[in-house]
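The basis for the numbers below is simple: all heavy atoms, side chains too, and nothing from hydrogens, waters or symmetry mates. Every chain is numbered from 1 and lettered A, B, ... according to where its sequence line falls, protein lines coming before strand lines.
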Amino acid sequence: MRMSKLLLKTLREPPAEAEITSHRLLLRAGLAVPLAAGLYCFTPLGWRVLRRLETIIREEMDRSGAEEVHLPALHPIELWEATGRAQAMGQTLFRLEDRRERIFALGPTHEEVVSFLAARTIQSYRDLPVTLYQIQTKFRDEPRPRGGLIRLREFAMKDAYSFDPDWESLDASYQAAFDAYVRIFQRAGVPVIPVHADSGAIGGKDSQEFIFLTAAGEDEILLCPSCGYAANAEKADFRRLPPIAGFPQPLEKVATPGQKTIADLVAFLGVDPRQTCKAVFFRADGRPVFVAIRGDLDVNEIKLKNALKAAALEAMDEAAVRAAGLVAGSASPVGLSGVQVVADPSAVEGVNFVAGANEADYHYLNVNYGRDWTADLVVDVGLARSGDLCSVCGSPLGTRRGIEMGHVFKLGTIYSESMDVRYLDESGERRPAVMGCYGIGVERMLAACIEANHDENGIVWPPEVAPYHVHVVALNLDEEAVAEVLAGVEQALGEAGYTSLVDDRLDSAGIKFKDADLLGMPVRLTISPRALERGGVEVRDRRTGETEVVPLDGVVTRVRGILAKEGGRS
RNA sequence: CGGGGUGUAGCUCAGCCUGGCAGAGCGCUUCGUUCGGGACGAAGAGGCCCCCAGUUCAAAUCUGGGCACCCCGACCA
């Protein structure tokens, strides 16, 4: 490809809207142009990168035994109502109407549609297991698109769905998808770690995310430096500090004027935070929920939401708190009625807690579970924080930010039951297929790839992702010798199976070198009178900056060497 | 949806406080000189100053309302 005819505009300065590195370089290198919040146009160069990523994904999915399909992006809304997700997705679901006023959704994901397809094609255990995948445009009316390609409203997702006769078989399909993901991210030059995750609105059981660690990430990840336990904060388990021991004492009411927070009580009464019981109020699908948890802990709203099987969970506002008869600052599970009470085990296991008296400026001492109050539900709703102890080995956990690149999880029979994906087993019994579901965000992968592969001068593409293998800078093209060598080199590269981007523009050498660094092809060749005088063509490794003049007949070999060194196959 | 910020040329931004010809650098076009790390000279093109309303003789500038975009939080690949 000749740059003189390539549609490309690089920018010396990044647009002010771009803050994170991948976004800045994406725009500076002219790979994409924003259209609206969460929507981008991809230029020829940017599109080539996306296609190369898709190629990697296809190859590895195919290798894992998955079969590619293509499903509509436009879905009849009835499909979403059948699984209850028209409701659950809420505003995120883009809706539109056809000319006959039938309502459709723009697919934010494809469990429903793939289940529809499976229901009509899978009949027997002989048809199983099978994994279907596609690379499809997804539409989500996100509350807040952000970070360039990190969070889009329209994006390409590789989504795969496995159908198995039973859970044991699903384990194998899940593992195959997991292994494929490891290879995909490895080839794409995106370092990821698998972490335990919540399965979110889609529902399901075991769930792991492939996280790219970066300060620009949206997710908080808890990592154990000692045993390697890694989990999304919304899912992470941790070991609570032991309760403070003692024998139950009689309940006692004390005046605590103006003391509202746990920190207040700790200072005022001189007790350990672990001796206090914290009260937090929520509205789950509109109904009030009271959560009791030990004072040194915080509530994990995702865990709570899951425990309550609620579609929406929000903090209770002041008016609602009063309406529920609660006293903020002195709220207590003791003597509470008409409100669902959820307790974290930490509030149940200890003795002699300090808790509110449901009366302003008063607290109880020596509150004990079972004697003074009971919960409707006792469940782990603790939020793991930096410094909490690893549930596996007991070492202090650390936190890092990260971006979710891919997600694999075991769905089970949720969709196969509601969408009627059933098969006849060997004994002639009709059973729902056990499903798994596996996604990768393609644009997000591109962003992470830039984030992980750049230096102060620009992008440094891994060879497998680079839009072209070689960037050829031609200087003084008006000189016949240069033009001649360029033609020869281009041909030799092509015959060797390498793609090249040739800078044949009339701009100065400085501009061309700067652009070559910015655009980040793994190898740069410079063809110029100076290089020719020195006996050949200058070959430069973009990553290391190593530069050498190589005789014409050695150029292809040298290119091959650099590409192999920089990233395996190309 | 809550909190914060920004909207002036393709990009980065000044001008706004204190109302009075719409500006700079980079980019773009043409010509010439250049040609190894964002060259130089000359001549040009390019604007709904986000939108609407108000105040005023006069609004990029002041007031009100709206919209868009970005960042932080609640959601997800």
Name each donor-acceptor pair under 3.5 Å that joins a side chain in residues 26-47 of chain A to protein atoms two or more places apart or in another chain, with its distance.
unit_1: A:Arg28; atom_1: NE; unit_2: A:Leu11; atom_2: O; d: 2.9
unit_1: A:Arg28; atom_1: NE; unit_2: A:Arg12; atom_2: O; d: 3.3
unit_1: A:Tyr40; atom_1: OH; unit_2: A:His23; atom_2: NE2; d: 2.9
unit_1: A:Thr43; atom_1: OG1; unit_2: A:Gly30; atom_2: O; d: 2.7
unit_1: A:Thr43; atom_1: OG1; unit_2: A:Leu31; atom_2: O; d: 3.1

inquiry  = Taking only side-chain N and O atoms of A:Arg146, does any of them lie within less than 4.0 angstrom of OP1 or OP2 on B:C75?
reply    = no
query = What integer distance in Å separates A:Arg444:CZ from B:C75:P?
reply = 14 Å
inquiry  = Classify A:Arg540 by what it touches in the nucleic acid, base, sugar-phosphate, or nothing, heavy-atom distance under 4.0 Å.
reply    = base
ask   = Should B:U34 form a Watson-Crick or G-U wobble pair with both distances under 3.5 Å, which nucleotide is its partner?
value = none
request  = From the options B:C71, B:G27, B:C76, select the nucleotide whose nearest atom is closest to the side chain of A:Glu218.
outcome  = B:C76
ask   = Nearest of B:C76, B:C28, B:G73 to any side-chain atom of A:Lys9?
value = B:C28
inquiry  = Distance criterion of 3.5 Å, no angle test: do you see the side chain of A:Arg140 paired donor-to-acceptor with the base of B:A77?
reply    = yes
message = Under 3.5 Å, is there any donor-acceptor pair linking the side chain of A:Asp507 to the base of B:C35?
response = no
Mind checking what makes salt bridge (charged side-chain N to carboxylate O under 4.0 Å, His left out) contact with [X], not counting sequence neighbours?
X	value
A:Arg146	A:Glu218
A:Arg505	A:Asp503, A:Asp507, A:Asp515
A:Arg144	none

Could you list, one pair per line, each protein nitrogen or oxygen that sits under 3.5 Å from a nitrogen or oxygen of nucleotides 3-11 of chain B, together with the distance?
unit_1: B:C11; atom_1: O2'; unit_2: A:Glu13; atom_2: O; d: 3.1

query = Do A:Tyr438 and A:Ser162 meet the criterion of a side-chain donor-acceptor pair at a distance under 3.5 Å?
reply = yes
ask   = In residues 513-524 of chain A, which residues come under 4.0 Å of RNA chain B by heavy atom?
value = A:Phe513, A:Lys514, A:Asp515, A:Asp517, A:Arg524
